[in-house]
Student: 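Okay, handing you the structure first.
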Amino acid sequence: MGARLRERDADPGRLAAADVHRQHLRAHLRGARLRRRPGVPAAPRLHRVARVPRGVGGAGLRRLADRDRGRHLPPGADVRQHRGGAPAPPGHRDLAAADQLRRVERAGRADGDRARPERAGAPQAAGVRVTTGTGMPAAGVRVRIAPSPTGYMHVGTARTALFNWLFARQQGGAFVLRVEDTDRTRLVPDAIDDLMAGLRWLGIAPDEGPGIGGDAGPYLQSERLAIYRPYAERLVAEGHAYRCFCSADRLRGVREARQSAGQKIGYDRHCRDLPPEAGARRAAAGEPHVVRLKMPLAGAATLHDVLRGAIVFDVAEIEDVVLVKTDGFPTYHFAVVVDDHLMGITHVLRADEWIPSAPIQLQLYACFGWDEPVWAHLPLVLNPDGGGKMSKRKTVGPDGRPLEQMTLVREYRAAGYLPEAMFNFLARLGWSYSGAEEVFSRAQAIERFRVEDVKPSPAAWNPEKLDWLNGVYIRGLEPDDLAARLAPFFERAGLAADLARLRAVVPLIQPRIETLADAPGLVDFLWADAVAPALEELVPKGLDAASTAGLLAAAEATLGALAAWDHAAIDAALRALAAERGLKAGVAFQPIRLAIAGRSVAPPLFETLEVLGRDATLARLAAARARLAAQP
RNA sequence: GCCCCCAUCGUCUAGGGGACCAGGACAUCACCCUUUCAAGGUGAAGACGGGGGUUCGAAUCCCCCUGGGGGUACCA
């Protein structure tokens with residue numbers, strides 16, 4: 001029994017219904033063996049595993065294993081037995097017992113975290129398939145992302161993809177991309193390209209998918225229409241679904257009326273009891289219609305979520321949703337179930353927002369007699385202020401100016417974020433590598449990732465932390481590598497970006513940029529023909545125009561006479577000059593910096609001069625001196 | 001409105017009945033280093049939403065409230 005069941009204490013009827021439903025489901029699970037398409041290897045299922053940490057029975061087992069480490073489990077021990085046929089645990093009536101159960105669950109979970117290696121050799125209880133009790137990746141895990149091509153890739157999609165990828169890699173399984181393009185009205189033509197580009201950029205490209213191939217294709221739902229049809233027909237034939245001929249107008253009217261009357265369900269099930277033959281006849285005559293799921297009028301549906309335990313829904317509150325649209329395309333609810341089943345998906349790791357629709361899908365699994373996948377609903381990514389799903393909307397920047405929150409992967413890429421930094425950042429949203437380490441590699445993440453460790457609470461996007469992380473990754477790059485990555489950003493800024501020049505500039509900027517796009521603005525003066533510092537800035541406090549001009553002239557002479565043009569020599573010469581004139585370094589170098597860079601904030605002076613070259617340096621010093629001299 | 005999810009510093013998180021007057025990271029502030037700006041170093045400030053239970057003991061388990069979020073389509 002899952003955690004949440006206890007919350008239903010007040011409603012024994014509902015609870016009983018939940019039990020009945022679960023028994024139903026179990027009967028299905030036992031009876032109906034997974035029918036697999038030829039060519040799709042039977043995947044060992046892991047769902048007991050994932051559920052064990054939350055299920056009381058499983059937790060009990062684990063706790064047993066913990067306490068009597070090394071002792072073998074009773075051969076007959078079966079998680080399903082524990083969670084299933086048994087009467088409702090005392091927790092339903094008795095708070096103290098419930099408390100006890102909670103503790104057991106926690107213990108189980110903690111045990112799962114720590115005791116893995118120790119438990120490696122322990123034989124598994126019958127019927128319990130544990131992920132990696134042997135330390136070996138369990139083969140056959142198949143996960144997927146199922147985005148719809150209605151826009152460019154969102155960072156939330158990227159995060160979901162990342163967690164799926166991580167899990168697949170860690171389990172030695174397959175990561176599948178299935179494109180849910182069943183809404184023909186919202187298609188964006190290059191959305192799929194953008195998605196693939198984003199996934200590749202992040203280094204989490206799918207193993208199977210459109211344009212990639214695989215045994216479970218096609219991976220575009222629009223190419224699977226013929227596949228869905230018989231399943232829809234089967235549901236209708238078996239009385240699990242019905243044809244609905246209601247017009248959009250009627251539906252709208254009904255929904256409004258019912259909503260204002262406080263009814264829970266928007267559709268009045270007008271066509272639900274139409275005789276099937278009549279429906280078939282009208283359909284055959286070409287009358288436009290949809291196919292709706294005949295949702296049970298009462299009962300409970302239980303979603304077993306890896307992160308949240310059991311979530312019980314009252315099915316009476318769920319509408320007879322449309323399964324097949326008038327245009328013959330399946331809706332999400334229908335296609336997702338058929339495809340996940342046909343594609344052998346073992347674990348569904350998807351966003352939180354799908355929880356409310358889960359009972360519909362559960363119902364479909366039950367109707368078809370198919371084994372459910374393991375469910376894990378991942379927390380949403382929220383706006384930086386925590387106010388709602390991350391979306392493109394106006395916020396106020398640090399400078400008080402209106403700013404648009406970036407939400408697209410391509411935007412972050414264009415803004416000069418490194419894919420490895422983005423990967424790291426995304427992984428840290430809702431999951432932590434450890435209590436202390438913020439920066440970790442892909443390999444490390446793969447090694448440690450566990451779905452159960454994902455936090456169930458939503459996480460706000462933290463732009464400052466992303467910037468910092470990106471800076472960390474930039475500083476960690478080999479200079480040649482950084483130069484190469486910088487090239488397109490310099491080009492975009494209109495600065496001729498030959499690699500040798502960039503390579504020379506890298507040391508000036510590497511510790512000073514947070515994004516690749518920051519770079520050109522830091523050193524663009526090196527590309528300029530001349531710079532024009534503000535005269536009043538050129539003269540430091542404590543000096544006047546004449547003495548500043550004198551200083552610049554001296555610098556010009558000193559540097560012009562320098563034997564070697566490198567920063568060490570420049571350093572020595574300029575320091576000597578400052579000392580000679582009785583000036584502190586900070587005072588003496590600032591006018592030179594202004595003369596050279598045209599501004600007071602710039603990369604370190606000597607290295608900059610070295611890159612600028614002697615001729616340009618002398619010319620700029622002379623120009624600044626001339627301007628000072630022209631002062632009244 | 002109804003249904004569902006969630007709840008530790010501003011943010012991301014560690015924590016899973018005693019090891020916690022709660023640890024780390026970003027951001028903030030101060031100091032050090034320093035030719036400016038960074039980077040780096042050191043330090044400071046900063047949280048268990050509230051109320052009830054359970055318990056010898058609660059950030060941790062339970063309930064309620066509050067708050068936040070999601071869903072409520074012939075969208076996904």
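Reminder, nothing fancy here: chain letters follow the sequence lines and each chain counts from 1. These numbers come from a predicted model, not from an experiment.
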Student: Is it the case that the base of B:rC3 and the side chain of A:Lys264 share a donor-acceptor contact (distance under 3.5 Å, atom types as modelled)?
Tutor: no

Student: Expressed as a whole number of Å, how far does the C1' atom of B:rA59 sit from that of B:rC26?
Tutor: 23 Å

Student: Does NZ or CZ of A:Arg448 come closer than 6.0 Å to the centre of the six-membered ring of A:Tyr433, within 45° of the ring's axis?
Tutor: yes

Student: Is the centre of the A:Phe425 ring less than 6.0 Å from the centre of the A:Trp431 ring?
Tutor: no

Student: What's A:Gly262 touching, base or sugar-phosphate or nothing? Going by heavy atoms closer than 4.0 Å.
Tutor: nothing

Student: Whether the side chain of A:Glu353 and the base of B:rG69 hold a donor-acceptor pair under 3.5 Å is what I'd like checked.
Tutor: no

Student: Please classify the nucleic acid contact of A:Ala602 as base, sugar-phosphate, or nothing, using heavy-atom distances under 4.0 Å.
Tutor: base

Student: Hey, is the side chain of A:Thr150 poking within less than 4.0 Å of OP1 or OP2 on B:rA76, counting only N and O atoms?
Tutor: no

Student: Name the nucleic acid region contacted by A:Lys584, choosing base, sugar-phosphate or nothing; use a 4.0 angstrom heavy-atom cut-off, strictly under.
Tutor: nothing

Student: Could you state the CZ-P distance from A:Phe606 to B:rC37, rounded to the nearest angstrom?
Tutor: 15 Å

Student: Can a donor-acceptor pair under 3.5 Å be found between the side-chain atoms of A:Ser457 and the base atoms of B:rC6?
Tutor: no

Student: Take atom CD of A:Glu437 and atom C1' of B:rA25, then tell me their distance rounded to the nearest Å.
Tutor: 12 Å

Student: Within the pair A:Arg428 and B:rA25, is there a side-chain N or O less than 4.0 Å away from OP1 or OP2?
Tutor: no

Student: Report the distance from atom CG of A:Asn383 to atom C1' of B:rG70, rounded to the nearest whole Å.
Tutor: 14 Å

Student: With a 3.5 Å cut-off and just heavy-atom distances, do the side chain of A:Arg512 and the base of B:rC37 make a donor-acceptor pair?
Tutor: yes

Student: Just N and O in the side chain of A:Lys455: are any of them under 4.0 Å from OP1 or OP2 of B:rA7?
Tutor: no

Student: Scan A:Arg255 against the nucleic acid and name what it touches under 4.0 Å (heavy atoms): base, sugar-phosphate only, or nothing.
Tutor: sugar-phosphate

Student: Identify whether any heavy atom of A:Pro379 sits under 4.0 Å from a base atom; if not, whether one sits that close to sugar-phosphate; answer base, sugar-phosphate or nothing.
Tutor: nothing

Student: Taking the six-membered ring of A:Phe245 as reference, does the NZ or CZ atom of A:Arg282 fall below 6.0 Å from its centre and within a 45° cone about the axis?
Tutor: yes

Student: Would you please indicate yes or no on a ring centroid separation below 6.0 angstrom for A:Trp468 and A:Tyr473?
Tutor: no

Student: For A:Phe525, what residues pass the ring pair (Phe, Tyr, Trp, His ring centres under 6.0 Å) criterion, not counting sequence neighbours?
Tutor: none

Student: Should A:Lys325 be listed as having a side-chain N or O under 4.0 Å from OP1 or OP2 of B:rA76?
Tutor: yes

